[in-house]
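Notes to accompany the following structure.
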Amino acid sequence: MPVSPAAAALHYGQIVFEGLKAHPTAEGLKLFRPEAHHSRLVESCQRLAMPAPPWETFSAALRLTIANEPATTGVYLRPVVMAWENFLGVRAAALYRFFVIGCPATTYFGSPLHQGGNAAGLRLVTENQWVRAAIGGTGAVKTPGNYAASLAAAENAKKQGYHDVLWLDAKHRRFVEEAGAMNIFFRVDDTLVTPALQGSILNGVTRQSVLRMAQDLGITVAERPIAIEELADHFNQGRFTEAFGTGTAAGVVPIAEIAHAGQSIFRDAGESSEQAKPRWAGLLRERLQKIQTGQIEMSW
Ligand SMILES: *Cc1c(COP(=O)(O)O)cnc(C)c1O
C-alpha cells in the first residue's frame, strides 16, 4: 500500500485507530465487543474532522481479516482511518483510507511482569514536566499524536528504572489520569475507584468492561477525580491496597509501585501479607478472559 509523501495524514495528523482482539473460543475466533470499538472510532473521527467507516464496513473488514486464521491463538486487530489526500494546505482532507492490520496476540502471562511472585507488576512514576492531554484536547481520541506526545516522558521513566509514566491532569497536576497508555484503577477501602472520564482520558473498552464485571461481582465502584496526595494518604493509612491498569493489549495488569515527587507513595504488599483477601486484579483478569473465550456468557 504505497503512501504518498504528501498524504495529508503525515503532515497534519488526521489518523485514528482502534485496537481490539479476536479470541479463540469453542466456536472459532470471536471478536470482543467490536460494537464498542466502532462507537469509539466514530467519536475519534468526529473530533479530528474525519469520516468514519459505517458499522457494516468496519465489521466486514474485521471478519475478513480473521477469516482464514486458526482459532488457536488470539488475533490483535488494528483498524486505522487516515487522511489520504495529497495536499499540503491546512484543512480537513477530502480523501481517506480505512484498513485493518491483524497480528498474533501474544498473551501477557509470559512477560516478566507476571513472574517472580505476587507483588510483581508495573512500577510507575508520575510525570511533572509534561502532560499527555488537556480537557478539550484530544486525550479521549485514539490518535497517534497522543502517543507521540507521551514517548519522551516514557523514555525518561525507563531511564529512572520504572516501566512507565503515571499521568496527572494538565491543569492542577494532581489528579491521576492514566497509567502509560492504560486506564487505571485503585482499591481504596473496599471500593474500586477509577478516574472519571472528563475528556482527557481515553474511554477504554476494558475499563468499561472491568467496571461492569466488578459490579456483577458485588464490588462497589466509583468513577471520580482522585488526587495523587489522596492516594498517598490512603496508602499510609492502610486503606489503599491495590492498583492495576487496563487495556486491550495487556488486559488487567497489576501495579507494584507508584513513585511521586521522589518518593514511593504506593507499594503492593503481595498476597502473602496479612491482608489475605483475593486480589481484584486477578479476579477481574480471569473473569474477563472467561468472557472473551466464551466460558462465561455475557451481554454488554
Ligand atoms: C487504547 C487506550 C487505552 C485502553 O483502551 P482499551 O479500549 O481498553 O484497549 C487506554 N488509554 C489509552 C491512552 C489508549 O490509547
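In listed order, ligands and their atoms are each counted from 1. Heavy-atom basis, side chains included; hydrogens, waters and symmetry copies ignored.
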Tested for ring pair (Phe, Tyr, Trp, His ring centres under 6.0 Å) against F244, the lone hit among W280, F266, F185, F186 is F185
May I ask you to say whether [X] pairs ionically with [Y], meaning some side-chain N is under 4.0 Å from a carboxylate O?
X    : Y    : answer
R132 : E177 : no
E85  : R91  : yes
E18  : K142 : no

May I have every N or O pair linking ligand 1 to the protein at under 3.5 Å, one per line with atom names and distance?
{"from": "ligand 1", "atom 1": "7 (O)", "to": "R40", "atom 2": "NH1", "distance (Å)": "2.8"}
{"from": "ligand 1", "atom 1": "7 (O)", "to": "R40", "atom 2": "NH2", "distance (Å)": "3.1"}
{"from": "ligand 1", "atom 1": "7 (O)", "to": "V205", "atom 2": "N", "distance (Å)": "2.7"}
{"from": "ligand 1", "atom 1": "8 (O)", "to": "V205", "atom 2": "N", "distance (Å)": "3.4"}
{"from": "ligand 1", "atom 1": "8 (O)", "to": "T206", "atom 2": "N", "distance (Å)": "2.9"}
{"from": "ligand 1", "atom 1": "8 (O)", "to": "T206", "atom 2": "OG1", "distance (Å)": "2.6"}
{"from": "ligand 1", "atom 1": "9 (O)", "to": "T248", "atom 2": "N", "distance (Å)": "2.9"}
{"from": "ligand 1", "atom 1": "9 (O)", "to": "T248", "atom 2": "OG1", "distance (Å)": "2.6"}
{"from": "ligand 1", "atom 1": "11 (N)", "to": "E178", "atom 2": "OE1", "distance (Å)": "2.5"}
{"from": "ligand 1", "atom 1": "11 (N)", "to": "A181", "atom 2": "O", "distance (Å)": "3.2"}
{"from": "ligand 1", "atom 1": "15 (O)", "to": "K142", "atom 2": "NZ", "distance (Å)": "2.7"}
{"from": "ligand 1", "atom 1": "15 (O)", "to": "Y147", "atom 2": "OH", "distance (Å)": "2.2"}

Counting N and O atoms only, with roles assigned by atom type, does the side chain of T25 sit under 3.5 Å from a partner on the main chain of E27, one being a donor and the other an acceptor?
-> yes
Which pairs pass ring pair (Phe, Tyr, Trp, His ring centres under 6.0 Å) with one or both residues in residues 4-50, sequence neighbours excluded?
-> F17-Y147, F32-W300, H38-W55, H38-F58
